[in-house]
J.: 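Pasting a structure below so you can have a look.
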Amino acid sequence: MDFNITQLTETLTFYVTQYGLRILVALLVFIIGRMIAKGVANGSKKVMLKASVDETLAAFLKNIIYYALLAAVVIAALGQAGINVTSFLAVLGAAGLAVGLALKDSLSNFAAGVMLILLKFFRKGDYVTVGGQSGTVSAINIFNTVLTTPDNKVITVPNSAVLGGTITNVTANDTRRVDMVFGIGYDDDLLKAKKTLERIISEEPRILPEPAPVIQVNELGDSSVNFVVRPWTKTGDYWGVYFAITEKVKLVFDAEGISIPYPQTDVHVYPTDKQ
């Protein structure tokens, strides 16, 4: 019994002496290396933000730098612990290939996310239509883009669907054209109606003088003469102008005696002689 305890003690002493210092050094390398990696990544993000790099891109590059440095730290720590790094890298590469094949859709979203961030089709806060969905961009993540709809719903769209379809950025420019159509009856005074529309547009302070608003007869419809009204406004005022002009046209047309036709059906009944 004493022989077994002595042998066990000698064995433990051998392994502690042989490998204990290596493991301790490996732990120190990992802890210190991880701190350095985090510091370098955070510092790089601050430098990029000072250089006016997009915040989303800066955050993404920061993560790439951190995980790349962390991988180097892990490999260095394993080498200090006496592990054959070459064999480890070979195993890691094979495992990475298997994981890549299993997660090909996620990798597709990842690649699309990188392209979206680098090409800057839109930014956080823009109102966009992507992947068949519309909303304000809340976040551009590596795997998905998050939208918030006007009625406060949150929609998550995979980045591959965003990049693979048409991207419409509604708020990309500072100004927008408001397209409206108003109809009057065929018996109404066309020139009077046109001057009334011009007056309504000129009295709206949010409408820009340049480019000049367009007010023209667009169509002789089945039951109405239709005007196109196309003023320009700041992007943020678009819906306010649209609603205000629509309401004012109805009120002023009523006051001026100008009719706004609506679809209707005339039914004519003819008496027939009964035999």
J.: From the options D179, V214, I201, select the one residue that forms a side chain to side chain contact (heavy atoms under 4.5 Å, CB included) with P231.
T.: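 The option that passes is I201.
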
J.: Do T129 and S134 pair up side chain to side chain, a donor and an acceptor below 3.5 Å, judged on atom types alone?
T.: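 Yes, a side-chain donor-acceptor pair sits under 3.5 Å.
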
J.: Check whether more than 12 heavy atoms from other residues, nucleotides or ligands sit under 6.0 Å from atom OH of Y186, and answer yes or no.
T.: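 More than 12 heavy atoms, drawn from other residues, nucleotides or ligands, come within 6.0 Å of this atom.
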
J.: Show, in sequence, the C-alpha distance, side-chain angles and deciding distance for L197 and F253, and conclude whether the side chain to side chain contact (heavy atoms under 4.5 Å, CB included) test is met.
T.: CA-CA 9 Å; L197 288 171; F253 273 21; 3.8 Å; yes

J.: Quick one: do the S138 and T148 side chains pair a donor with an acceptor below 3.5 Å?
T.: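 A donor-acceptor contact under 3.5 Å links the two side chains.
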
J.: I need the minimum non-hydrogen distance between A41 and Y66, along with the two atoms involved.
T.: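 Between these two residues, the closest heavy atoms are CB-CB, 3.7 Å.
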
J.: Please give me the minimum heavy-atom distance between R123 and V137, naming the atom from each residue.
T.: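 Scanning both residues, the minimum pair turns out to be O-CB, 3.6 Å.
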
J.: Can you find a heavy atom in the side chain of T171 that is under 4.5 Å from one in the side chain of N169?
T.: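 When only atoms from C-beta onward are counted, N169 and T171 do touch, with a gap below 4.5 Å.
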
J.: Evaluate the side-chain proximity of K38 to V40: yes if any heavy-atom separation is below 4.5 Å, no if none is.
T.: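 SC-SC contact between V40 and K38 ruled out.
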
J.: Is K248 salt-bridged to E204, cutoff N-O under 4.0 Å?
T.: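 Judged by the 4.0 Å cut-off on N to carboxylate O distance, K248 and E204 do not form a salt bridge.
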
J.: Might you work through the side chain to side chain contact (heavy atoms under 4.5 Å, CB included) test for V146 and N144, ending with a clear yes or no?
T.: CA-CA 7 Å; V146 182; N144 54 60; 3.8 Å; yes

J.: In terms of side-chain heavy atoms, does D174 have a donor or acceptor partner in T235 at a distance below 3.5 Å?
T.: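 Absent: no donor and acceptor within the cut-off.
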
J.: Set out, in order, the CA-CA distance, both residues' side-chain angles and the distance that settles side chain to side chain contact (heavy atoms under 4.5 Å, CB included) for K192 and E256, then state yes or no.
T.: CA-CA 9 Å; K192 178 182 177 182; E256 296 289 340; 3.5 Å; yes

J.: Report yes or no: does T233 contribute a side-chain atom to a donor-acceptor pair with the main-chain N or O of Y238 at less than 3.5 Å?
T.: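 Not a single qualifying donor-acceptor pair exists.
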
J.: Shortest non-hydrogen contact from A193 to F227?
T.: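 The pair with the smallest heavy-atom distance is CB-CE1, 4.1 Å.
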
J.: Do S224 side-chain atoms and I260 backbone N/O form a donor-acceptor pair below 3.5 Å?
T.: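 Side chain of S224 to backbone of I260: no pair is present.
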
J.: Would you mind telling me which of V47, N42, L49 makes a side chain to side chain contact (heavy atoms under 4.5 Å, CB included) with K45?
T.: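 Running side chain to side chain contact (heavy atoms under 4.5 Å, CB included) over V47, N42, L49 with K45 returns exactly one hit, L49.
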
J.: Measuring from atom OG1 of T136 to atom CG of L147, what distance do you get when rounded to the nearest 0.5 angstrom?
T.: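 That separation rounds to 8.0 Å.
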
J.: Other residues, nucleotides and ligands only: do more than 12 of their heavy atoms fall within 6.0 Å of CZ on R34?
T.: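 No - once you tally the heavy atoms of other residues, nucleotides and ligands closer than 6.0 Å, there are 12 at most.
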
J.: Just how far is it from atom CD1 of I140 to atom NZ of K120, taken to the nearest 0.5 Å?
T.: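 Here the rounded value is 10.5 Å.
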
J.: Treat each ILVMFWY residue as a node, draw an edge where side-chain heavy atoms are under 4.5 Å apart, and state whether W239 and W232 are in one component.
T.: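 They do not share one cluster, since no chain of ILVMFWY contacts under 4.5 Å joins W239 to W232.
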
J.: Are any non-hydrogen side-chain atoms of V170 and F122 less than 4.5 angstrom apart?
T.: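 V170 vs F122: side chains apart.
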
J.: Apart from V181 itself, which Ile, Leu, Val, Met, Phe, Trp or Tyr residues share its cluster (side-chain heavy atoms under 4.5 Å, direct or through members)?
T.: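 For the cluster that includes V181, the remaining residues are V228.
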
J.: Looking only at heavy atoms, what is the nearest atom pair of K194 and I215, with distance?
T.: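 Taking K194 first and I215 second, the nearest heavy atoms are CE-O, 3.3 Å.
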
J.: What verdict does the side chain to side chain contact (heavy atoms under 4.5 Å, CB included) test give for L70 and F30, after you've listed the backbone C-alpha separation in whole Å, the side-chain angles of each residue and the deciding distance to 0.1 Å?
T.: CA-CA 8 Å; L70 186 62; F30 176 76; 4.3 Å; yes

J.: For a 4.5 angstrom cut-off between non-hydrogen side-chain atoms, does V130 reach T168?
T.: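 No, every pair of side-chain atoms sits at 4.5 Å or beyond.
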
J.: Hey, does the side chain of D237 reach the backbone of I207 with a donor-acceptor pair shorter than 3.5 angstrom?
T.: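 Judged by distance alone, no pair lies under 3.5 Å.
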
J.: Ignoring hydrogens and geometry, is there a side-chain-to-backbone donor-acceptor pair from D188 to L190 under 3.5 Å?
T.: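 Such a contact is absent between D188 side chain and L190 backbone.
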
J.: Under 4.0 Å between a side-chain nitrogen and a carboxylate oxygen: does that hold for D126 and K124?
T.: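 The answer is no: the pair does not qualify as a salt bridge.
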
J.: If hydrophobic clusters are built from ILVMFWY residues whose side chains come within less than 4.5 Å, do I65 and I75 share one?
T.: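 No; tracing contacts between hydrophobic side chains, which count when under 4.5 Å, never links both residues.
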
J.: Please tell me whether I32 and L69 are part of a single hydrophobic cluster in this structure, the criterion being side-chain heavy atoms less than 4.5 Å apart.
T.: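 In one cluster with I32: L69, yes.
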
J.: Taking F243 as the starting point, is it possible to reach Y127 by hopping between hydrophobic residues whose side chains are less than 4.5 Å apart?
T.: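 No; tracing contacts between hydrophobic side chains, which count when under 4.5 Å, never links both residues.
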
J.: Looking at every heavy atom in both L208 and K234, which two are closest together, and how far apart are they?
T.: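 Minimum heavy-atom separation between L208 and K234: CD1-N, 4.1 Å.
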
J.: Is K250 paired with D254 through a side-chain N to carboxylate O contact shorter than 4.0 Å?
T.: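 A salt bridge is present here (some side-chain N lies under 4.0 Å from a carboxylate O).
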
J.: Rounded to the nearest 0.5 Å, how far does CD1 of I36 lie from CD1 of I31?
T.: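 Between atom CD1 of I31 and atom CD1 of I36 there are 12.0 Å.
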
J.: Which heavy-atom pair separates N226 from G183 by the least distance, and what is that distance?
T.: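 Minimum heavy-atom separation between N226 and G183: OD1-CA, 3.4 Å.
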
J.: Report yes if some heavy atom in the side chain of I184 is under 4.5 Å from a heavy atom in the side chain of D189; otherwise report no.
T.: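 No - every pair of side-chain heavy atoms lies 4.5 Å or more apart.
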
J.: Mind listing the side-chain donor-acceptor pairs of residues 150-159 below 3.5 Å, one per line with the distance, residues two or more places apart or on another chain?
T.:
from, atom 1, to, atom 2, distance (Å)
D151, OD1, T149, OG1, 2.4
N159, OD1, T145, N, 3.3
N159, OD1, T145, OG1, 2.8
N159, ND2, N141, O, 2.9
N159, ND2, I142, O, 2.9

J.: Can you hop from L251 to F182 via hydrophobic side chains spaced under 4.5 Å?
T.: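 No; F182 is not reachable from L251 via cluster members.
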
